[in-house]
Amino acid sequence: MSDQGVTPRSEDYAGWYNEVIRRAKLVDYGPVKGTMVIRPYGYALWEHIKEGLDRRFKETGHENAYFPLFIPYSFIQKEAEHVEGFSPELALVTHAGGKELEEPLVVRPTSETIINHMYSKWIQSYRDLPVLINQWANVVRWELRTRPFLRTSEFLWQEGHTAHATPEEAQEETIRMLNVYADFAINDAAIPVVPGRKSNIEKFAGAVASYTIEAMMGDGKALQSGTSHFLGQNFAKAFDTKFLTTEGTHEYVWQTSWGVSTRMVGGVIMTHGDDKGLILPPKLAPDQAVIVPIWKSEEQKGSVLEMVAKVERALKDAGVRVKSDTSDQENPGWKFNEYEMRGVPLRIEIGPKDVEKDAVVFARRDRPGKEGKEFGIPSGDVGRIATEWLSDIQSSLLERATKFRDDNIVDVENMDTFRQVIAAGQWARTWWAGTDEQERKIKEDTGATVRCIPMDQPGGKGTCFSTGEEAEEVVLFAKAY
RNA sequence: CGGGGCGUAGCGCAGCCCGGUUAACGCGCCUGCUUUGGGAGCAGGAGAUCGCAGGUUCGAAUCCUGCCGCCCCGACCA
């Protein structure tokens with residue numbers, strides 16, 4: 001039994017994560033260091049994330065497009081801060097077609113540059129604005145330290161790139177998309193993220209201001225789960241992206257960019273998982289319910305499978321993503337454990353005793369053992385009841401994660417407490433008036449960084465825990481992935 | 001790039017110090033029968049150029065030299 005379980009999270013969180021993602025068949029390592037293969041189950045999860053986000057993008061007026069993977073090296077160099085930020089992690093193509101290229105090509109680490117190159121052609125007048133485009137793509141960043149989903153050399157994401165006539169409009173868009181991300185994370189992924197602004201040293205290379213949704217993982221570390229940037233006119237100036245105003249003057253456009261990546265999959269895993277494996281929020285789960293039939297004799301098998309088919313039909317009609325595991329290669333106990341490892345929110349057991357009563361057994365993944373199990377669910381009501389259960393599981397996961405987060409954010413007023421809180425793996429909420437240099441020093445000393453300056457501020461003024469100066473903002477410090 | 005660990009069957013590993021039969025064990029896989037309400041049992045079977053390259057030796061998974069790769073912890077980052 002013990003060799004079939006997974007390393008407990010309390011014992012070795014990284015070990016737990018690595019085991020769970022592989023045993024749940026979400027992912028496997030690629031042959032090149034830092035690359036991953038997203039397996040069908042992991043990809044199905046990502047597809048639901050995509051659907052949830054894409055729908056919201058469309059609802060807020062965005063369109064999808066696709067820009068090339070290869071970017072001329074000179075493009076990256078045009079924006080000073082941008083090139084400085086990305087240079088160390090660029091993958092360059094120097095040879096192609098059997099010979100050395102005159103100019104190396106960058107495999108996109110992000111697409112601000114190539115998109116501005118195109119925007120500068122497409123945008124002539126204020127009538128062309130705003131431009132609201134998103135692309136779903138892969139990008140490459142040669143990271144030193146990689147972890148499946150959380151940080152890999154190549155990853156999948158979406159990147160929205162918008163251009164506006166005024167800074168106010170662009171700023172509004174930046175916050176709109178931050179809220180879209182927060183809405184998705186909270187309502188679909190059941191991850192209680194904290195939306196906030198990045199500190200100066202944590203912001204995106206090339207942005208005027210960066211915003212983030214920060215999530216607390218099961219080990220207390222923070223995960224930046226999505227970012228939205230106000231780019232100002234930085235890239236517009238570098239690429240000469242101008243428009244003619246109503247007054248007949250030329251002005252640079254004001255821009256935003258925003259992204260969520262396959263890292264979100266890692267966030268889902270580390271927010272909800274337990275020592276039995278994954279726990280997936282119903283809205284994102286590839287399979288929301290699995291039916292496990294149980295039988296002894298061939299005769300029972302016939303009547304059980306008949307009922308399985310009926311129940312599966314009823315669930316599908318009710319809009320539930322369900323599958324039946326009628327294989328007789330494994331016994332029911334094995335299947336129970338398997339689907340718990342894979343995080344399927346609802347398990348439905350149907351055996352001879354249930355057939356007799358014309359009822360089934362429901363078991364919810366988020367409440368292990370008897371507590372989450374209910375016998376005698378009338379087969380005629382499975383659709384309605386399953387829908388209710390899934391909805392309850394969805395909200396319970398959010399509630400539990402929210403409580404965990406709130407229990408692990410500690411208000412801190414001095415450095416001693418700060419150290420203790422950070423060492424304990426919690427988040428420190430503090431008044432802060434420090435400089436970039438002081439922030440770096442804290443990181444060096446304690447490993448903690450400013451995760452964000454929450455949008456939701458208490459107001460008023462306080463005393464900076466570090467400098468003792470008067471502070472106007474409260475920030476969250478934590479160790480991060 | 002620093003610190004630690006590891007490379008032996010598809011997976012997990014023993015053997016290595018102290019060289020010597022046919023490289024052990026568990027899981028998985030194949031065949032058959034019995035099983036099936038929380039990771040089934042019995043019987044039989046297939047599967048390994050011991051990370052790579054040199055060297056020492058009558059003989060190397062084991063000792064020596066060099067190389068490669070991966071994982072974990074840190075510095076850099078979505």
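Letters go in sequence order (proteins before strands), and every chain restarts at 1. These numbers were taken from a predicted model, which means no experiment stands behind them.
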Q: Measure the acute angle between the ring planes of Trp254(A) and Phe230(A), then classify it against the limits of 30° and 60° as parallel, tilted or perpendicular.
A: parallel
Over all strands shown, is Phe204(A) touching base, sugar-phosphate only, or nothing at heavy-atom distances under 4.0 angstrom?
nothing
Atom CG of Asp328(A) and atom C1' of G41(B) are separated, to the nearest Å, by 16 Å
Applying the 3.5 Å cut-off to both distances, the Watson-Crick or G-U partner of G12(B) turns out to be C25(B)
With ring centroids as reference points, do Trp427(A) and Phe477(A) lie under 6.0 angstrom apart?
no
Testing C76(B), G38(B), G37(B) for proximity to the side chain of Leu144(A), the answer is C76(B)
- Mind checking the C1' distance from G59(B) to G20(B)? Whole angstroms is fine. 7 Å
Regarding the side chain of Asn337(A), the nearest nucleotide among G39(B), C76(B), U36(B) is G39(B)
Side chain Glu330(A) and base G39(B) donor-acceptor under 3.5 Å: no
When Arg22(A) and Tyr481(A) are each assigned the nearest nucleotide of RNA chain B, the 5'-most assignment goes to Arg22(A)
Students often get this wrong, so: under 4.0 angstrom with heavy atoms, is Lys353(A) touching a base, only sugar-phosphate, or nothing?
base
pair_partner(C63(B)), Watson-Crick or wobble, both distances < 3.5 Å, evaluates to G55(B)
Considering only NZ, NE, NH1 and NH2 on the basic side and carboxylate oxygens on the acidic side, decide whether Glu338(A) and Arg23(A) come within less than 4.0 Å.
no
Any strand, both distances under 3.5 Å, Watson-Crick or G-U wobble: G74(B) pairs with C1(B)
- Query: In whole Å, what separates the P atom of U49(B) from that of G41(B)?
  - Reply: 30 Å
Against the side chain of Ile294(A), the closest entry in C72(B), U36(B), G38(B) is U36(B)
Quick check: does any side chain N or O of Tyr481(A) sit under 3.5 Å from a backbone N or O of Met217(A), one acting as donor and the other as acceptor?
no
Base, sugar-phosphate or nothing for Ser210(A)? Non-hydrogen atoms, less than 4.0 Å. nothing
For this session: Step by step, work out the side chain to side chain contact (heavy atoms under 4.5 Å, CB included) result for Met307(A) and Asp358(A).
Result: CA-CA 8 Å; Met307(A) 183 144 163; Asp358(A) 194 29; 4.1 Å; yes
Trp295(A) atom CH2 is separated from G37(B) atom C1', nearest whole Å, by 13 Å
| query | How is Gly351(A) classified with respect to the nucleic acid when contacts are heavy atoms under 4.0 Å: base, sugar-phosphate, or nothing? | reply | base
### Task
Using the P atom as the reference point in each nucleotide, state the distance between A14(B) and G26(B) in Å, no decimals.
15 Å
From CE of Met36(A) across to P of C70(B) the rounded distance in Å is 17 Å
Of Ile350(A) and Thr227(A), the one whose nearest nucleotide on RNA chain B sits closer to the 5' end is Ile350(A)
note: Trp142(A), atom CH2; A75(B), atom P; distance rounded to Å ~ 22 Å
Picking from U36(B), C76(B), G38(B), the nucleotide nearest the side-chain atoms of Glu340(A) would be G38(B)
**Asked** How far does the P atom of C42(B) sit from the matching atom of U35(B), given to the nearest Å?
**Response** 15 Å
Once you apply a heavy-atom cut-off of 4.0 Å, does Val361(A) come out as touching a base, just sugar-phosphate, or nothing?
base
query = If only side-chain N and O atoms of Lys443(A) are considered, is one of them under 4.0 Å from the OP1 or OP2 phosphate oxygen of C76(B)?
reply = yes
inquiry  = Looking at C71(B), I'd like to know if its phosphate oxygens (OP1 or OP2) sit under 4.0 Å from a side-chain N or O belonging to Asn18(A).
reply    = no
Rounded to whole Å, CD1 of Ile291(A) lies from P of U36(B) at a distance of 22 Å
By the Watson-Crick or G-U definition, both distances under 3.5 Å, C18(B) is matched with none
Distance, P atom - from U56(B) to G10(B), rounded to whole angstrom: 32 Å
Parallel, tilted or perpendicular: which one describes the rings of Tyr13(A) and Trp16(A), with boundaries at 30° and 60°? tilted
When rounded to whole Å, the OH to C1' distance for the pair Tyr339(A) and G37(B) reads 17 Å
Select base, sugar-phosphate, or nothing to describe what Lys301(A) touches, counting heavy atoms under 4.0 Å on all strands.
nothing
Trp334(A) atom CH2 is separated from G28(B) atom P, nearest whole Å, by 9 Å
Is it the case that the side chains of Asn116(A) and Gln255(A) hold a donor-acceptor pair, with the cut-off being a distance below 3.5 Å and no angle test? yes
- Message: Under 4.0 Å, counting only non-hydrogen atoms across every strand here, what does Gln224(A) touch: a base, just sugar-phosphate, or nothing?
- Response: sugar-phosphate
As its Watson-Crick or G-U partner within any shown strand, both distances under 3.5 Å, A43(B) has U31(B)
Note to self: Once you apply a heavy-atom cut-off of 4.0 Å, does Leu223(A) come out as touching a base, just sugar-phosphate, or nothing?
What the structure shows: nothing
Gln329(A) atom CD is separated from C30(B) atom C1', nearest whole Å, by 12 Å
Rounding to 0.5 Å, atoms CG (Leu45(A)) and CG (Leu26(A)) come to a distance of 6.5 Å
Euclidean distance for C1', A75(B) against G54(B) (whole angstrom):
36 Å
TODO: Using the C1' atoms only, state how far U8(B) lies from G39(B), rounded to an integer number of Å.
DONE: 28 Å
Under a 3.5 Å limit on both distances, the Watson-Crick or wobble mate of C6(B) is G69(B)
Regarding the side chain of Lys296(A), the nearest nucleotide among C72(B), G38(B), U36(B) is U36(B)
Rounding to the closest angstrom, what is the interatomic distance between U36(B) and G74(B) at atom P? 49 Å
